[in-house]
Amino acid sequence: RILQTLKDENYITYLDNSNEIIPKSLENKTTQKTKIQILVEKTKPILENVYELTKECAYFGVFDDYKVLYVNQIDKSNRKVKTRNNIGLQAPLHTNALGKSILAFGNYDLELIKLNQYTHNTITDMSFLEEAIEQVKENGYSIDNSEYQDNMSCVAVPLFNHENILIGAVGISGTKERLSIEKLNSLGKEISQLVENYKVVC
């Protein structure tokens with residue numbers, strides 16, 4: 001149990017498929033945490049502005065071992081039913097708007113993505129995923145039409161640093177009743193213009 005906990009917390013790993021334990025660098029782990037803390041601080045004003053623009057829960061996510069890691073979230077609404085706190089959640093890249101923006105504007109091997117199905121709308125065919133990514137590149141934003149969670153819709157845009165290197169993606173999510181495809185497309189353009197004004201230094 002102790003070894004499993006250390007592995008889960010990323011302190012150790014195993015050599016290939018053997019039982020040989022390899023300790024991971026604590027310095028690297030500390031550096032990673034520090035970078036995440038910086039990203040949380042730097043993206044807070046972006047997410048606040050995205051929320052004010054859309055009145056929907058705003059997120060920031062980064063690439064993490066072929067998943068999207070939700071690093072920051074802001075939701076100031078007074079709705080009785082609000083979006084859950086997703087900070088720390090990892091989600092498959094192909095299933096959500098954040099992940100698709102990261103795939104479209106990053107440099108990743110699509111063949112390493114497991115196209116598991118989560119809803120009836122989840123992309124499970126590589127050719128469809130490639131088409132979706134090309135559409136994201138053309139539009140400058142990505143859409144999740146209930147592809148990870150039923151009745152939830154999302155739109156996201158890439159976030160770059162001052163050297164135009166992809167940092168992650170910024171987006172919103174809400175119910176399909178509030179966020180139709182038409183509205184997602186409209187908000188995608190608006191969020192893209194807003195986020196273009198930011199260059200995250202990290």
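All of these numbers come straight from a predicted model, not from anything done at the bench. These values consider heavy atoms only, across backbone and side chains, with no hydrogens, waters or symmetry-generated copies.
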Report the C-alpha separation of S192 and E196 in whole Å, then their side-chain angles, then the decisive distance to 0.1 Å, and conclude whether the side-chain contact (heavy atoms from CB on, under 4.5 Å) test is met. CA-CA 6 Å; S192 181; E196 276 184 5; 4.1 Å; yes
Measuring from I191:CD1 to I46:CD1, what's the distance to the nearest 0.5 Å? 12.0 Å
Just checking, is any N or O donor in the side chain of N121 or T119 under 3.5 Å from an acceptor N or O on the other one? no
Of the non-hydrogen atoms in A169 and I102, which two are nearest, and what is the gap between them? CB-CG1, 4.0 Å
Side-chain donor-acceptor pair under 3.5 Å between N72 and T43, yes or no? yes
To the closest 0.5 Å, what do you measure between CD (Q193) and CD (E190)? 7.5 Å
Strictly distance-based, threshold 3.5 Å: is any side-chain N or O of N86 a donor or acceptor partner for the main-chain N or O of L89? no
NZ of K55: more than 12 outside heavy atoms within 6.0 angstrom? yes
Side chain to side chain, C154 and N96, heavy atoms closer than 4.5 Å: no
I172 vs L187, test: side-chain contact (heavy atoms from CB on, under 4.5 Å). Steps then yes/no. CA-CA 9 Å; I172 61 168; L187 289 176; 3.8 Å; yes
Looking only at non-hydrogen atoms, find the nearest pair between F60 and V170 and report the distance. CD1-CG2, 4.0 Å
Would you call the rings of Y108 and F63 parallel, tilted or perpendicular if under 30° counts as parallel and over 60° as perpendicular? parallel
To the nearest 0.5 Å, tell me how far R178 CZ sits from S153 OG. 9.5 Å
Is any side-chain heavy atom of L159 closer than 4.5 Å to a side-chain heavy atom of K199? no
Do Y51 and D75 have side-chain N/O donor and acceptor atoms under 3.5 Å apart? no
Is any side-chain heavy atom of K114 closer than 4.5 Å to one of P92? no
Rounded to the nearest 0.5 Å, how far apart are CG of L103 and CD of E130? 11.0 Å
Looking only at heavy atoms, what is the nearest atom pair of L47 and A58, with distance? O-CB, 3.6 Å
Between S101 and A156, is there a donor-acceptor pair closer than 3.5 Å when you use the side chain of the first and the backbone of the second? yes
Under 3.5 Å, is there a donor on one side chain and an acceptor on the other for Q90 and D64? yes
Under a plain distance cut-off of 3.5 Å, with no hydrogens placed, do Y198 and N49 share a side-chain donor-acceptor pair? yes
On a heavy-atom basis, the closest approach of H94 and E147 is O-OE1, 4.0 Å
Is a donor from one side chain sitting under 3.5 angstrom from an acceptor on the other, for Y59 and S173? yes
Flag the pair Y70 / L98 as yes when at least one side-chain heavy-atom distance between them is below 4.5 Å, and no otherwise. yes
Under a 3.5 Å distance rule, please check whether N164 uses its side chain to pair with a backbone N or O of F160 as donor and acceptor. no
Identify the heavy atoms of L166 and P158 that sit nearest to each other, and give their distance. CD1-CB, 3.7 Å
Verdict with reasoning, D144 to V155, per side-chain contact (heavy atoms from CB on, under 4.5 Å): CA-CA 6 Å; D144 163 12; V155 62; over 6 Å; no
When hydrophobic residues are tied together by side-chain contacts of less than 4.5 Å, even through go-betweens, does L110 share a cluster with V68? yes
Taking K100 for the side chain and L93 for the main chain, is one N or O donor matched with an acceptor at less than 3.5 Å? no
Under 3.5 Å: donor-acceptor pair, side chain of T95, backbone of Y148: no
Between the side chain of T54 and the main-chain N/O of V50, is any donor-acceptor distance below 3.5 Å? yes
Could you tell me whether the side chain of I74 reaches within less than 4.5 Å of the side chain of K44, counting heavy atoms only? yes
Value rounded to 0.5 Å, distance of CD1 in I123 from CG in L115: 8.5 Å
How far apart are the closest heavy atoms of V136 and S142, and which atoms are they? CG2-CB, 3.5 Å
Taking C-beta and beyond as the side chain, do L179 and M152 meet within less than 4.5 Å on heavy atoms? no
Pairwise distance OG1(T122) to CG(L129) - rounded to 0.5 angstrom: 11.5 Å
Tell me whether Y66 is reachable from F128 by hopping between hydrophobic residues (I, L, V, M, F, W, Y) whose side-chain heavy atoms are closer than 4.5 Å. yes
Is there a donor-acceptor pair closer than 3.5 Å between any side-chain N or O of T124 and the backbone N or O of Q117? no
Between N185 and Y141, is any side-chain donor less than 3.5 angstrom from a side-chain acceptor? yes
